Amino acid sequence: QVQLVESGGGLVQAGGSLRLSCAASRLTFSTFAMGWFRQAPGKEREFVASINWSDINTYYGNSVKGRFTISRENAKNMVYLQMNNLNFEDTAVYYCAADRWGTGSSAEADFEFWGQGTQVTVSS
């Protein structure tokens with residue numbers, strides 16, 4: 001069973017930064033595309049960022065472009081989300097997800113494995 005475990009969430013002031021990490025196991029990590037999604041209270045889950053298997057192509061949701069950066073370390077089975085200039089609207093549970101087809105996508109349906117999520121709260 002594929003496991004994805006997020007960490008690094010917490011409480012941060014507006015304008016601050018956080019780095020989320022996702023540790024993946026029980027999959028051939030280097031062949032999977034990885035993504036981050038988020039869900040705020042009362043809202044649908046939203047695409048944040050994804051990265052293809054080879055670390056060449058990255059994709060971002062419009063609301064985070066220029067502020068967030070996704071990266072991966074295939075040797076460590078890790079994917080990261082560096083979040084800068086956070087604002088109140090970034091408050092959400094952030095989920096790590098894996099897509100076995102590896103090309104990178106913004107579509108939630110393309111990601112078949114999901115972590116449990118980590119809470120990010122931005123205080124205004």
Side-chain angles (χ1 to χ4, degrees):
Q1 183 76 9
V2 171
Q3 285 192 332
L4 302 173
V5 180
E6 303 94 337
S7 61
L11 176 65
V12 62
Q13 287 190 331
S17 298
L18 278 177
R19 187 195 196 203
L20 304 184
S21 300
C22 174
S25 59
R26 302 175 186 175
L27 77 170
T28 308
F29 183 77
S30 61
T31 67
F32 277 69
M34 300 298 296
W36 288 95
F37 291 77
R38 68 186 183 185
Q39 188 167 22
K43 294 187 177 181
E44 294 186 351
R45 193 148 55 183
E46 173 190 20
F47 170 72
V48 176
S50 67
I51 187 167
N52 78 325
W53 66 274
S54 63
D55 197 9
I56 291 177
N57 296 318
T58 56
Y59 307 90
Y60 295 93
N62 288 334
S63 61
V64 306
K65 281 180 182 177
R67 300 187 298 121
F68 290 12
T69 302
I70 188 171
S71 61
R72 65 189 295 162
E73 284 189 87
N74 285 349
K76 295 184 178 180
N77 283 16
M78 296 291 295
V79 63
Y80 307 98
L81 185 69
Q82 177 65 44
M83 305 185 296
N84 297 330
N85 194 22
L86 286 159
N87 57 58
F88 179 74
E89 287 71 32
D90 296 317
T91 296
V93 177
Y94 284 71
Y95 297 92
C96 175
D99 167 15
R100 72 168 62 242
W101 301 111
T103 56
S105 169
S106 62
E108 186 175 334
D110 289 340
F111 292 83
E112 60 184 295
F113 302 108
W114 293 81
Q116 294 298 307
T118 185
Q119 176 70 48
V120 172
T121 303
V122 183
S123 62
S124 56

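Not measured: the values here are computed from a predicted model.
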Side-chain heavy atoms nearer than 4.5 Å, only ILVMFWY residues, links allowed to pass through others: does that put V48 and V79 together? yes
Reported OH-to-OG distance for the pair Y59 and S106, which is rounded to 0.5 angstrom: 9.5 Å
Derivation and outcome, side chain to side chain contact (heavy atoms under 4.5 Å, CB included), residues F32 and F113: CA-CA 10 Å; F32 277 69; F113 302 108; 3.8 Å; yes
Give a yes or no answer on whether the side chain of E6 reaches the backbone of G117 with a donor-acceptor pair at less than 3.5 Å. yes
Check: T58 side chain, I51 main-chain N or O, donor-acceptor pair, under 3.5 Å: no
Rounding to 0.5 Å, atoms OG (S123) and CG (L86) come to a distance of 10.0 Å
Quick one, V120 and M83 - any side-chain contact, counting heavy atoms below 4.5 Å? yes
Between CD of Q119 and CG of L11, what distance do you get to the nearest 0.5 Å? 9.5 Å
SG of C96 to CG of L4, rounded to nearest 0.5 Å, is 4.5 Å
About how many Å separate CD of Q3 and CZ of R26, when rounded to the nearest 0.5 Å? 4.0 Å
Checking the side chain of S50 only, and the main-chain atoms of S105 only, is there a donor and an acceptor separated by less than 3.5 Å? yes
Please answer whether the main-chain N or O of E73 pairs with a side-chain N or O of Y80 as donor and acceptor at a distance below 3.5 Å. no
Is atom CD of Q116 surrounded by more than 12 heavy atoms (other residues, nucleotides or ligands) closer than 6.0 Å? no
Kindly compute the distance separating OG1 (T103) from CH2 (W53), expressed to the nearest 0.5 Å. 11.5 Å
Between the side chain of Q39 and the main-chain N/O of A92, is any donor-acceptor distance below 3.5 Å? no
So, using ring-ring contact (aromatic ring centres under 6.0 Å, His included) as the criterion, who are the partners of W114 when residues are at least two apart? F37
Taking the six-membered ring of F29, is NZ or CZ of R72 closer than 6.0 Å to its centre and within 45° of its axis? yes
Does the side chain to side chain contact (heavy atoms under 4.5 Å, CB included) test come out yes or no for Q82 and S71, once each step is laid out? CA-CA 8 Å; Q82 177 65 44; S71 61; over 6 Å; no
